Enquirer: 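Before anything else, here's the structure in question.
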Amino acid sequence: MKSRFAPSPTGYLHIGGARTALFAWAWAKKQHGKFVLRIEDTDLERSTQVSVDAILQGMDWLGLDYDEGPFYQTDRFNRYKQVVQQLLDEKKAYYCECSKERLQILHEDLIKQGKKAKYDGCCRDKNLNIGVVRFNNPEEGLVVFNDAVKGQISINNKELDDLIIARSDGTPTYNLTVVIDDHDMQINCVIRGDDHINNTPKQINLYQALGWHLPKFAHLPMILGSNGARLSKRHGAVSVMAYRNAGFLPECLLNYLARLGWSHGDQEIFSTDEIVKLFELKNINKAPASFNQDKLLWLNQETIKSSSIENLLNNLTWHFQNQAITVTDTPDIKTVVQHLQDRCKTLVDMAGEVKMFYQDFDTFDEKLATKHFKDKTPLKHLLTKLEAISTWQANNIKQAVKEVCFELNIGFGKVGQPFRLALSGNGNAGSIDIVAELVGKDKALSRLKMAISF
RNA sequence: GUCGCCUUCGUCUAUCGGUUAGGACCCCAGGUUUUCAUCCUGGUAAGAGGAGUUCGAUUCUCCUAGGCGAUGCCA
């Protein structure tokens, strides 16, 4: 079994492409088959190296590794030319020099008559040797195929026309190159977006004209934005890498994408290995799905909570750099991350909270400071208590806070809250005693003094 | 216009003709908690519409509507 992902390098790797890649990848892995990456860059006008790099980077970040490739169609032009010539020789294709103007008038006319806009075969028997090359599509009969997702699909050849397989400059077009590549690369399971359903009958006719075996087809429904329209930037990020930047874990994105259109009963949370193990084409939904940021965020939080510290740290590296955070030996970053693990929705948040353990700040959140630093008495008492602590440990610190509460006859919050703000600068911190221990005695005391003189 | 595909809570989905139509996100109400968060309990909310097949249809068939896609010398 061999599947492939065949993006065209006309932009970054987007969410929809990533899901197609994931499904093709998972299906190959599950069956111990091979997964191929092929860059479909036959459109010289629109393809760019920047896009190729972006796609490769996206695949790499997601961990979607390929057994073969990346192959580039631009490296295979000779092969395509050879096949075009073969079809020409066998009278299964012909040159056509109809002008775009004639075609346009023809189409408008057909539409006016309530018919399907298609080429009329004008040049089919002219035996020309210049212009575009068209495939001689069968005029009669039904093309029927059994889609692994959609079920049986049939289209009448009357609906199809003689599609162009080579442009007038000799370069091949999409429908021809996919067929040749999928055949040559021995792809026997084509998994792609369902915007290709309409192309499939044309390709099947091409396969048959060339006497080649058909692969199995599986057409995935599209991913829509929150308003049911095609996913676009208005619905949040569409680029896969934007999700890394926003602090999502790659395995979370994979999990979310898998669950968008595929299901395994009621299960929501899957490790990447589980996706591979449980994946079945027949459990893919036929209907398009809308991308939902809220659920993705929830899933990221769940993924962070159950992730190993090592994995978190690996993924955090980029964010530390991005936020200019320098992690030093004390406190131990692993302990810090562990402490933060249950309280962050994204890695961006987490990196932001890591900051206070390694970097000082010179200002407090205005609003909170006005509220919590109004009465300095608790802080002053706390300072005295804390200075006296010889072993800087969470339980001792907690004890000190409790004593202050008792002595002043006030609630824990009256002391804990100002202390938390003093330590963090923004009030965003977890369990106060643990945070204080991790920040360290020197820093904790100096921040407390800073709060007192606020 | 024509052809193809699709249609269960706001969103993602479960359901092998018989269920009080289940789960998850969101939202709401409680509870735990030293902020936030976590955690726990409960709640609101769905089979596009119409025919047909059947003892019985969300499930099978057809029609209509709506959405998406194709109709490119894009992929």
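In what follows, chains carry the letters A, B, and so on, assigned in the order in which the sequence lines appear, proteins first and then strands, with residues in each chain numbered from 1. Note that this is a predicted model, so its numbers are computed, not measured.
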Enquirer: Applying the 5.5 Å / 30° rule, does A/F412 stack onto the base of B/rU34?
Expert: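 Given the distance and angle limits, yes, they stack.
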Enquirer: Does B/rU11 have OP1 or OP2 under 4.0 Å away from a side-chain N or O of A/S290?
Expert: no
Enquirer: Please determine whether a side-chain nitrogen of the Lys or Arg among A/K355 and A/E353 lies less than 4.0 Å from a carboxylate oxygen of the Asp or Glu.
Expert: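 Here A/K355 does not pair with A/E353 in a salt bridge, since their nearest N and O are not under 4.0 Å apart.
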Enquirer: As a test of reading the structure: which of B/rC5, B/rU34, B/rG1 is closest to the side chain of A/I111, going by heavy atoms?
Expert: B/rG1
Enquirer: Expressed in angstrom and rounded to an integer, what is the separation of A/K116 atom NZ from B/rU2 atom C1'?
Expert: 6 Å
Enquirer: Looking at B/rG18, which nucleotide sits across from it as a Watson-Crick or G-U wobble partner, both distances under 3.5 angstrom, or is there none?
Expert: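 Here B/rG18 is engaged in a pair, and the nucleotide opposite it is B/rC55.
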Enquirer: Of the candidate nucleotides B/rC12, B/rU34, B/rU11, which contains the atom at the shortest distance from the side chain of A/N292?
Expert: B/rU11
Enquirer: When only distance counts, do a donor and an acceptor, one from the side chain of A/K398 and one from the base of B/rU34, lie under 3.5 Å apart?
Expert: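 For A/K398, whose side chain was compared with the base of B/rU34, there is a donor-acceptor pair (under 3.5 Å).
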Enquirer: With hydrogens left out and only the distance checked, is there a donor-acceptor pair under 3.5 Å joining A/N198's side chain and the base of B/rG69?
Expert: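 When only heavy-atom distances are counted, A/N198 does reach the base of B/rG69 through a donor-acceptor pair under 3.5 Å.
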Enquirer: May I ask you to say what A/E302 touches in the nucleic acid, namely base, sugar-phosphate or nothing, with a heavy-atom cut-off under 4.0 Å?
Expert: sugar-phosphate
Enquirer: So, is A/K100 near the phosphate of B/rG72, with a side-chain N or O under 4.0 Å from OP1 or OP2?
Expert: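 Result: no.
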Enquirer: Would you mind classifying the nucleic acid contact of A/G114 as base, sugar-phosphate or nothing, using non-hydrogen atoms under 4.0 angstrom?
Expert: sugar-phosphate
Enquirer: Quickly work out the A/R259 CZ to B/rU11 C1' distance and round it to whole Å.
Expert: 12 Å
Enquirer: With A/H196, which of A/N198, A/D194, A/N199, A/T200 fulfils side-chain hydrogen bond (donor to acceptor under 3.5 Å, both in side chains)?
Expert: A/N199
Enquirer: Could you measure between the two C1' atoms, the one in B/rU7 and the one in B/rG43, and give it in whole Å?
Expert: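 Per the computed distance, 28 Å lies between those C1' atoms.
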Enquirer: Any carboxylate oxygen within less than 4.0 angstrom of a Lys/Arg side-chain nitrogen, looking at A/E407 and A/K385?
Expert: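 Answer for the salt bridge query: yes.
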Enquirer: Reckon A/Q301 has a side-chain N or O less than 4.0 Å from the OP1 or OP2 of B/rU38?
Expert: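 So the side-chain polar atoms of A/Q301 do come within 4.0 Å of the phosphate oxygens OP1 or OP2 of B/rU38, strictly under.
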Enquirer: Is the ring centre of A/W262 less than 6.0 Å from the ring centre of A/F279?
Expert: yes
Enquirer: Between A/R259 and A/E268 (salt bridge meaning N to carboxylate O under 4.0 Å), is one present in this structure?
Expert: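 Yes, A/R259 and A/E268 are salt-bridged.
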Enquirer: Atom CG of A/L296 and atom P of B/rC25: how far apart are they, to the nearest Å?
Expert: 14 Å
Enquirer: Report which part of the nucleic acid A/N199 touches: base, sugar-phosphate, or nothing (heavy-atom distance under 4.0 Å, all strands).
Expert: base
Enquirer: Between B/rG67 and B/rA48, how far apart are the C1' atoms? Round to whole Å, please.
Expert: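 Approximately 11 Å lies between the C1' atom of B/rA48 and that of B/rG67.
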Enquirer: Rounding to an integer number of Å, can you tell me how far A/H264 NE2 sits from B/rG23 P?
Expert: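 In whole Å, B/rG23 P and A/H264 NE2 are 18 Å from each other.
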Enquirer: Checking all strands, does A/K115 fall into the base, sugar-phosphate, or nothing category for heavy-atom contacts under 4.0 angstrom?
Expert: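 Since a base atom lies under 4.0 Å of A/K115, the category is base.
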Enquirer: Looking for any heavy atom pair under 4.0 Å, which part of the strands does A/S263 touch: base, sugar-phosphate only, or nothing?
Expert: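 If one applies the 4.0 Å heavy-atom cut-off, A/S263 turns out to touch the sugar-phosphate alone, with no base involved.
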Enquirer: Does A/R167 put a side-chain nitrogen or oxygen below 4.0 Å from OP1 or OP2 of B/rA75?
Expert: yes
Enquirer: Would you mind classifying the nucleic acid contact of A/E268 as base, sugar-phosphate or nothing, using non-hydrogen atoms under 4.0 angstrom?
Expert: base
Enquirer: Measuring only the P atom in each nucleotide, how far is B/rC62 from B/rG72? A whole number of Å is fine.
Expert: 29 Å
Enquirer: Under 4.0 Å between any heavy atoms, over every strand shown, what does A/I432 touch: base, sugar-phosphate, or nothing? Just pick one.
Expert: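 Counting heavy atoms under 4.0 Å across all strands, the contact made by A/I432 includes a base.
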Enquirer: Looking at A/T10, does any N or O in its side chain come under 4.0 Å of the phosphate oxygens OP1/OP2 on B/rC74?
Expert: no
Enquirer: Given that both distances must come in under 3.5 Å, which nucleotide forms a Watson-Crick or G-U wobble pair with B/rA48?
Expert: B/rU64
Enquirer: Taking the six-membered ring for Trp, are the ring centroids of A/F5 and A/F35 within less than 6.0 Å of each other?
Expert: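 No, the ring of A/F5 stays outside the 6.0 Å limit from the ring of A/F35, centre to centre.
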Enquirer: A/I284 CD1 to B/rC5 P: how many Å, rounded?
Expert: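 In whole Å, B/rC5 P and A/I284 CD1 are 18 Å from each other.
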Enquirer: Base, sugar-phosphate or nothing for A/H196? Non-hydrogen atoms, less than 4.0 Å.
Expert: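 Here A/H196 touches the bases of the nucleic acid.
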Enquirer: For A/A117, which contact category applies under a 4.0 Å heavy-atom criterion: base, sugar-phosphate, or nothing?
Expert: base
Enquirer: Quick one: does NZ or CZ of A/R134 land under 6.0 Å from the six-membered ring centre of A/Y119, within 45 degrees of the ring axis?
Expert: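 The answer is yes; both the distance and angle limits are met.
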Enquirer: Counting only side-chain N and O atoms of A/N283, is one of them less than 4.0 Å from OP1 or OP2 of B/rU13?
Expert: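 No, because none of the side-chain N or O atoms of A/N283 sits under 4.0 Å from OP1 or OP2 of B/rU13.
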Enquirer: What nucleic acid atoms does A/T171 come within less than 4.0 Å of, heavy atoms only: base, sugar-phosphate, or nothing?
Expert: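 Here A/T171 touches no strand at all.
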Enquirer: In whole angstroms, how far is the P atom of B/rA70 from the CG atom of A/N175?
Expert: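 Rounded to the whole Å, the gap is 12 Å.
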Enquirer: Indicate, with a heavy-atom threshold strictly under 4.0 Å, whether A/K402 touches base, sugar-phosphate, or nothing.
Expert: nothing
Enquirer: Atom NZ of A/K118 to atom P of B/rG4: distance rounded to whole Å?
Expert: 13 Å
Enquirer: Can a donor-acceptor pair under 3.5 Å be found between the side-chain atoms of A/Q113 and the base atoms of B/rG1?
Expert: no
Enquirer: Taking the six-membered ring for Trp, is the centroid-to-centroid distance between A/Y256 and A/W298 below 6.0 Å?
Expert: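 No, ring centres 6.0 Å or more apart.
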Enquirer: Is B/rU2 paired to anything, Watson-Crick or G-U wobble with both distances less than 3.5 Å, and if yes, which nucleotide?
Expert: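 Paired with B/rU2, as far as the under-3.5 Å criterion goes, is B/rA70.
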Enquirer: Check the distance between B/rC3's C1' and A/N157's CG and give it to me in whole angstrom.
Expert: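 Distance, rounded to whole Å: 13 Å.
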Enquirer: Contact class for A/G193 (heavy atom, under 4.0 Å): base, sugar-phosphate, or nothing?
Expert: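 Nothing, no heavy atom under 4.0 Å.
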